[in-house]
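Quick note: residue numbers are just sequence positions, from 1. Both ligands and their constituent atoms are indexed starting at 1 by order of listing. Below, all heavy atoms of this structure are taken into account, side chains as well, without hydrogens, waters or symmetry copies.
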Amino acid sequence: MEDGRRVLSDVVSSQAAFFSRYGGVVPELAGRNHAARILPVVRESLRVAGVAYGDLGGVAATHGPGLTGALLVGLNFGKALAVGLGVPFVGVNHLAAHLQAPLLGENPPEPPFVGLLVSGGHTALYAVGPGEGAGGHRGGGESGRGLLRFRLLGETLDDAAGEAYDKVGRLLGIPYPAGPALDKLAYSGDGEAEPFTRPLPEGLNFSFSGLKTAAARRVAELAGEGVLEERRAAVAAGFQAAVVETLTDKALAACRETDLNKLVVGGGVAANRGLRELLSRRAGEEGVEARFAPLEYTMDNAAMVAARGYFLLAAGRTSPPELEASACLELGVENG
Ligand code: KG4
Ligand code: ZN
């Protein structure tokens, strides 16, 4: 990562295929796989970027939220690398990194804006402003504007959107992570959609567990009638419509409430075609500029972590050597 904007390399060692046979991530195995893969992945990323260890000006690694066993591997590797090279180290909040991803595209949006985070573990809305020191710090005004600050507006009261995709996908026989295939399945039918009630809890909060249960009940009924195979696309289309309409309604309500006319969307579910289409159209109608993370930076990736880390380090924020991995880390509680 150069300048917090230019990605020199982004190597992802996905464990999706490995975990599809388990129907989800097995924490203990995820940590072990991380330990086995981290050095080859770092070497590969330097090779692709065409830089040497000695060229690095700082190191950033995720310190939470997430699976502790996996976080510990990256965090301790990052700290050790920074000490070995004599460069600063900073821990990055995974959620902040997901909302940094939309700034990796061309002509990055400038804060303030509303941030919609939709991933496998989180669904939340934030008012996002420029970080302290924006405009005046080392690296100048341009890099200062990339440092974001977050205020929570609303979040899911139960399941995350991506989690609901994975669970409903599983009912339809789609291996983990089911989001991308379920998204495609939703577009594969004849336009018919099973009707599902839109979950709309109070304020700017979300809820997806009722929808997941309704989908499970409908899938069981269709299977009982022996017509599940021919109705799979209609279930997918109905489920997707309920999820993306809810996300769109709440995100635009957040823009109205905060009087912000810019919206950025990050996290794995930001890759969803239905969400990209509906949210872009409805935002346009309401005079809101909607910006999604570039597709390659929606699912978990190192580029978004490096970008967030760059802006933290540029603002002089480094982490102490004792920084711990935190399974449950709120956004804004960043030790950087
Ligand atoms: O952000 P991410 O890579 O990991 C977390 O931090 O959780 O998000 C992964 C989640 C998975 O639940 C996956 O099924 C979902 O994002 N996902 C999608 C799509 N692509 C990935 N969900 C719906 N539609 C998609 N196209
Ligand atoms: Zn993620």
* Nearest-contact summary for atom 2 (P) of ligand 1 - protein heavy atom, Å -> Asp300 OD1, 3.3 Å

* Asked: Heavy-atom contact under 4.0 Å between Arg273 and ligand 1?
  -> no

* Asked: Which bit of Asp183 is near ligand 1, meaning a heavy atom under 4.0 Å away: side chain, backbone, both or neither?
  -> side chain

* **Taking every non-hydrogen atom, the tightest pair across Pro109 and Val264** => CG-CG1, 3.8 Å

* Which ligand 1 atoms are under 4.0 Å away from a heavy-atom of Asp166? -> 11 (C), 12 (O), 13 (C), 14 (O)

* List every atom of ligand 1 that sits less than 4.0 Å from any heavy atom of Tyr165, numbering the atoms from 1 in the order shown and giving each element. => 22 (N), 23 (C)

* Note: Lys262-Glu110 ion pair, threshold 4.0 Å (strictly below) -> no

* Asked: What protein N/O/S atoms lie closer than 2.8 Å to the Zn ion (ligand 2)?
  -> His94 NE2, His98 NE2, Asp300 OD1

* Do Tyr297 and Asp10 pass the side chain to side chain donor-acceptor pair (under 3.5 Å) test, and can you show the C-alpha distance, the side-chain angles, and the key distance before you say yes or no? -> CA-CA 9 Å; Tyr297 305 131; Asp10 181 41; 5.1 Å; no

* **Minimum-distance protein heavy atom relative to atom 24 (N) of ligand 1** => Asn272 ND2, 2.8 Å

* To do: May I ask you to check whether Gly121 has an N/O atom sitting below 3.5 Å from an N/O atom of ligand 1?
  => yes

* Please identify each residue that fulfils side-chain hydrogen bond (donor to acceptor under 3.5 Å, both in side chains) with His34, with sequence neighbours left out. => Gln15

* Considering only protein heavy atoms, which is closest to atom 7 (O) of ligand 1, and at what distance to one decimal place? -> Gly120 N, 2.8 Å

* To do: Verify whether the ring centers belonging to Tyr176 and Tyr22 lie closer than 6.0 Å.
  => no

* Give the residue, atom name and distance (to 0.1 Å) of the protein heavy atom nearest atom 15 (C) of ligand 1. => Val269 CG2, 4.0 Å

* **His94 neighbourhood, listing ligand 1 atoms whose heavy-atom distance to it stays under 4.0 Å** => 6 (O)

* Asked: If you measure from the Lys or Arg side-chain nitrogens to the Asp or Glu carboxylate oxygens, is any gap between Glu163 and Lys167 under 4.0 Å?
  -> yes

* To do: Taking only Lys NZ, Arg NE, NH1 and NH2, and the carboxylate oxygens of Asp or Glu, determine whether Glu28 and Arg32 approach each other closer than 4.0 Å.
  => yes

* Work out which heavy atom in Ala242 is nearest to a heavy atom in Thr197; give both atom names and the distance. => CB-O, 4.5 Å

* Between Ser207 and Asp158: side-chain donor-acceptor atoms closer than 3.5 Å -> yes

* For atom 22 (N) of ligand 1, what's the nearest protein heavy atom and its distance? -> Gly179 CA, 3.4 Å

* To do: Go through Leu104 and Gln100 one step at a time and tell me if the side-chain contact (heavy atoms from CB on, under 4.5 Å) criterion holds.
  => CA-CA 7 Å; Leu104 287 171; Gln100 190 79 45; 5.8 Å; no

* Val59 vs Phe89 side-chain heavy atoms within contact, under 4.5 Å -> yes

* Asked: What orientation do His94 and His98 show, parallel under 30°, tilted 30 to 60°, or perpendicular over 60°?
  -> perpendicular

* Ligand-side contact atoms (ligand 1) for residue partner Ala271, heavy atom cut-off under 4.0 Å -> 26 (N)

* Would you indicate which of Gly162, Pro65, Ala293, Gly268 comes nearest to atom 20 (N) of ligand 1 when only heavy atoms are counted? => Gly268

* Structure fact -> Checking heavy atoms under 4.0 Å, the part of His122 that sits near ligand 1 is neither

* Asked: Hey, is CZ on Arg6 packed in by over 12 heavy atoms from elsewhere, all under 6.0 Å?
  -> no

